[in-house]
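Accompanying notes for the structure given below.
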Amino acid sequence: MHFTDEWLAPTLEPLLPADTLASLREGTAAGSSLWEAVVKRRLLTDDQVLEAAAARFRMPVLPPGAPAQAVTDVISESVARRFNVLPFRISDSHLDVATYNPFDLDAEKGLAFASGRDVRLHLASPSQIREGLSVLFPSEDAVAKLLGGLDRGAAVEQLEDDSDDIGASAEEASHAPIVRLVDMMLADGIASRASDVHVEPIEGGVAVRYRIDGVLRQVMKVPRSAGIPLISRLKIMSGLDIADRRRPLDGRARVSVNGQPVDLRVSSLPSATGEKVVIRILNTSETILDLTSLGLFDDERQLVTSLLDAKEGILLVTGPTGSGKTTTLYSALKLVQSEGVNIVTVEDPVEYKLGENIVQVQVQEKSGLTFATALRSILRQDPDVVLVGEIRDVETAQIAVQASLTGHLVLSTLHTNDAANAVTRLVDIGVESYKLASALRGVIAQRLLRRLCLNCRTTEGVKVPEKLRRYLGNDAKLYRAVGCADCASTGYRGRLAIIETMVMTRELEALVGEGATADKLRTQARSAGMRNLFESGLRHVEAGHTTIDELLRVTEVPAEGPGGDTGASAARRLGGSTKSGSRETSVERREPRAGQAVVREDEALLGFDLLEDGAGEAAAPVTAAEGKGTVLLVEDEESLRLVIRDLLEREGYQVAEAVDGVQALDQVDRVAPDALILDLNLPRLDGYSVLQQLRSRPQTADLLVMVLTAKGDEDNEVKVFELGADDFLQKPFRARALAARLDALLARRKPAS
């Protein structure tokens with residue numbers, strides 16, 4: 001009798017006692033696996049078989065860790081189980097697969113065809129493949145497995161909340177097995193340092209994602225039969241009506257994890273596939289309300305502290321949702337908190353209990369207790385310091401400004417992009433500029449960056465990007481994220497704040513009173529020494545606290561140079577130069593690559609028409625006639641973009657670049673390319689939408705478009721041709737073929753021109 005993996009017999013025979021292989025053939029049913037037979041009879045372990053096979057056939061083994069969920073977008077469960085393989089990692093050009101039969105050529109070819117990528121095989125045991133597939137494609141009875149994977153021995157019990165009467169609903173759900181799953185999910189989220197837990201219905205189940213250090217990560221996919229009761233259980237815990245699934249609902253809950261109380265804010269939102277629930281975890285014991293814990297440099301912390309020394313006036317903290325504004329304000333209150341200071345806050349909601357000598361008021365809009373009405377009552381309570389959770393309307397803004405003018409220090413938050421725009425925002429909603437000029441003491445704009453894990457960060461292979469050389473130089477010591485057990489293989493652990501602090505001066509007060517624009521306010525603040533968000537983050541990059549990638553994820557490279565605004569800063573933001581009489585004031589220039597007429601997005605801010613110094617006349621821009629033509633390359637993967645750009649430039653083309661769909665449409669208008677090479681999987685606006693918009697506009701209806709994508713299936717190819725593509729090329733591609741096809745496309749267009 002032959003085993004299904006007969007190729008393994010010569011490898012295992014030396015490891016087994018004499019005649020063992022023959023007895024296995026006689027005592028094992030036909031069509032059985034030799035690997036599983038020796039493991040089942042305890043003749044060898046999985047690890048021993050795996051080590052022997054990997055050494056003999058010189059194959060890498062399956063690396064530790066969970067498979068990437070992204071592989072399920074390309075390889076379906078039926079394909080994976082048909083070939084009995086575990087896809088665990090994917091990129092634009094490669095698919096990494098674990099198998100226990102490296103000689104299954106049909107599987108390798110089938111996976112390459114299904115994924116449109118080169119397949120790289122790794123060796124794994126049959127049990128590893130089964131376990132991995134159960135993680136990627138969980139079965140309907142997977143609740144027990146999920147519990148087994150999440151159970152960290154944490155004890156969770158629900159605490160009674162005086163404000164929420166949910167006893168009856170809790171009794172109703174107490175007998176369900178889902179209760180244990182919810183408890184373990186919350187305990188695991190808190191242990192993982194998650195700030196939010198997202199429970200969202202998806203096709204075929206319910207996905208659970210944790211937001212850790214500001215980034216969402218999917219941790220499990222629950223079958224729909226267990227996921228819907230899970231969502232109902234969360235609504236029951238937070239006192240929400242489980243029968244009301246058509247309206248957004250907000251609730252609160254309080255639980256104890258290993259004896260430590262944790263507050264939860266629960267929000268439900270109806271969607272097309274069911275209700276999505278987001279749980280905000282407010283873990284007071286893990287949050288350190290101190291400016292030092294925010295990661296501020298000493299001079300930044302001293303500047304913020306000096307603003308808090310004011311006895312009256314208004315101090316604003318601005319930024320988007322999740323940028324740490326509330327934590328900064330709470331930390332500020334801790335600095336001024338004392339027995340002799342009366343501090344009152346009005347918040348929606350009250351996120352943390354701040355302790356003695358601080359009275360916290362919860363907004364209750366249904367009962368008429370809004371920010372404005374609460375603020376009026378607070379001013380009759382003889383406060384020294386007032387914290388307004390958020391300025392949302394003109395009434396709240398006017399009362400806050402009036403309070404700051406009558407001897408109170410008012411702290412509040414606002415949603416704006418930077419410090420200067422906070423002033424114009426308040427004026428826009430109705431605050432008189434002359435009052436604001438007298439009341440405002442300072443504005444702090446803030447963002448959060450992920451902090452590098454100190455255990456695994458490295459300087460190896462880190463180069464200064466071209467766009468940052470004027471800020472960092474070529475010899476800067478930079479770090480990159482690696483990943484280890486301490487940081488859950490992300491390379492980051494914790495977050496730090498970067499801030500832009502605009503302190504009011506006499507000059508700024510005059511400008512605010514005159515109703516000056518944000519640009520003028522920013523220019524004046526910069527001349528007085530204000531450091532913007534990018535520069536604050538750059539200091540952390542140089543200090544090894546974070547990476548360049550993280551900085552560019554959160555901030556943008558400013559249009560002005562590192563020294564602040566210059567007379568030509570506005571022109572640089574527009575991509576041109578300023579004129580003074582008959583002479584042009586040259587914008588700071590950077591030399592292009594040989595034969596390169598159009599530079600990338602960061603360089604476009606400095607001027608896309610490069611000028612030569614001359615007798616008052618601008619040299620003619622470089623045109624396509626000097627080479628084969630201009631190609632706009634739209635590709636979000638930097639390494640691949642650099643390869644294609646170098647290839648095209650060697651072939652005599654001038655290359656412009658775009659990293660997303662929105663920038664691509666903008667570059668088409670700026671550059672007027674002869675051809676466009678377009679990826680389909682793009683951020684902000686995908687390639688399909690770009691192609692559709694190009695064909696709908698008369699000026700770009702005939703633009704040559706070559707689609708270059710990893711999505712090589714027939715349906716996708718037909719779709720892009722229906723949208724008007726001129727050519728379709730699948731990744732991975734052959735370099736000479738790409739250049740030849742581009743030459744042919746442009747050659748066919750020459751007679752028409």
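Counting heavy-atom neighbours within 6.0 Å of N417 CG, excluding the residue itself, gives a total of 12 or less. Residue R211 qualifies as enclosed at atom CZ: its count of foreign heavy atoms under 6.0 Å is above 12. Open room surrounds CZ on R245; 12 or fewer heavy atoms of other groups in view lie less than 6.0 Å from it. No more than 12 heavy atoms of other residues, nucleotides or ligands sit less than 6.0 Å from atom CD of E556.
No donor-acceptor distance shorter than 3.5 angstrom exists from the side chain of T413 to the backbone of V317, with no hydrogens or angles considered. Between the side chain of T424 and the main chain of N421, a donor-acceptor pair closer than 3.5 Å is present. Judged by distance alone, with hydrogens and angles left aside, the side-chain atoms of S76 form no donor-acceptor pair with the main-chain N or O of T72 at under 3.5 Å. A donor-acceptor contact shorter than 3.5 Å is absent between the side chain of T345 and the backbone of L387. A donor-acceptor contact shorter than 3.5 Å is absent between the side chain of E200 and the backbone of K276. Side-chain atoms of S412 come within 3.5 Å of backbone N or O of V388 as a donor-acceptor pair. Looking only at distances, no side-chain donor or acceptor of S256 sits under 3.5 Å from a matching main-chain atom of V262. A donor-acceptor contact shorter than 3.5 Å links the side chain of H408 to the backbone of A403. Q446 places a side-chain N or O within donor-acceptor distance of the main-chain N or O of S323, the cut-off being under 3.5 Å. Under a 3.5 Å cut-off, the side chain of Q364 and the backbone N or O of T370 do not form any donor-acceptor pair.
Of all the heavy atoms in A124 and A98, the pair that sits closest is CB-CB, 3.8 Å. Closest non-hydrogen pair, Q337 versus I343, comes out as CA-CD1, 3.7 Å. Looking at every heavy atom in both residues, A397 comes nearest to I429 through CB-CD1, 3.9 Å. Pairing each heavy atom of F371 with each of G389, the nearest pair is CE2-N, 3.6 Å. Heavy atoms only, all atoms of each residue included: L240 and S268 are closest at CD1-OG, 4.4 Å. For A80 against P87, the heavy-atom pair with the smallest separation is CB-CD, 4.1 Å.
Contact check on E275 versus K235 returns a salt bridge, with a Lys/Arg side-chain nitrogen under 4.0 Å from an Asp/Glu carboxylate oxygen. Looking at R247 and D244, a side-chain N of the basic residue comes within less than 4.0 Å of a carboxylate O on the acidic one, giving a salt bridge. Looking at R280 and D196, a side-chain N of the basic residue comes within less than 4.0 Å of a carboxylate O on the acidic one, giving a salt bridge. Contact check on D348 versus R392 returns a salt bridge, with a Lys/Arg side-chain nitrogen under 4.0 Å from an Asp/Glu carboxylate oxygen. Electrostatic pairing of R376 and E395 counts as a salt bridge here, judged by a charged N lying under 4.0 Å from a carboxylate O.
D96 has its side chain out of reach of I90: every pair of non-hydrogen atoms, C-beta onward, lies at least 4.5 Å apart. Side chains of N342 and V385 form no contact here, defined as non-hydrogen atoms less than 4.5 Å apart. Looking only at side-chain heavy atoms (C-beta outward), L294 and L496 stay at 4.5 Å or farther from each other. A heavy-atom distance below 4.5 Å is not found between the side chains of L414 and E390. For the pair M185 and V199, the minimum side-chain heavy-atom distance is below 4.5 Å. Between L329 and L333 the shortest side-chain heavy-atom distance does not fall below 4.5 Å.
At a cut-off of 3.5 Å, with distance as the only test, no side-chain donor of S331 or T328 sits close to an acceptor on the other residue.
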query: Where do Y210 and H198 land on the ring pair (Phe, Tyr, Trp, His ring centres under 6.0 Å) test, with the steps shown first?
result: CA-CA 6 Å; Y210 297 164; H198 290 236; 9.9 Å; no
Worked check of side-chain hydrogen bond (donor to acceptor under 3.5 Å, both in side chains) between N455 and D486: CA-CA 8 Å; N455 291 330; D486 288 345; 2.4 Å; yes
field: Chi angles and distances behind the side-chain hydrogen bond (donor to acceptor under 3.5 Å, both in side chains) call for T547, Y492
entry: CA-CA 10 Å; T547 63; Y492 300 93; 2.8 Å; yes
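Between the OG atom in S195 and the CD1 atom in I190 there is a gap of 12.0 Å [rounded to 0.5 Å]. How far OG1 of T318 is from CD1 of I444: 9.0 Å, rounded to the nearest 0.5 Å. Between C484 atom SG and R457 atom CZ the span is 12.0 Å, to the nearest 0.5 Å. Residue Q218 holds its CD atom at 5.5 Å from CD1 of I202, rounded to the nearest 0.5 Å. With rounding to the nearest 0.5 angstrom, the CG atom of L375 is 11.0 Å from the CG atom of L369. Between atom CD of residue E300 and atom OG of residue S536 there is a gap of 4.0 Å, rounded to the nearest 0.5 Å.
When ring centroids are compared, Y479 and H545 stay outside the 6.0 Å threshold.
Exactly one residue among L308, I358, T305 makes a side chain to side chain contact (heavy atoms under 4.5 Å, CB included) with V336. That residue is L308. Results of the side-chain hydrogen bond (donor to acceptor under 3.5 Å, both in side chains) test with D213 over R495, R193, R450, R493 single out R193 as the only residue that passes. Checking L230, V255, I236 one by one against V182, the side chain to side chain contact (heavy atoms under 4.5 Å, CB included) holds for a single residue, L230.
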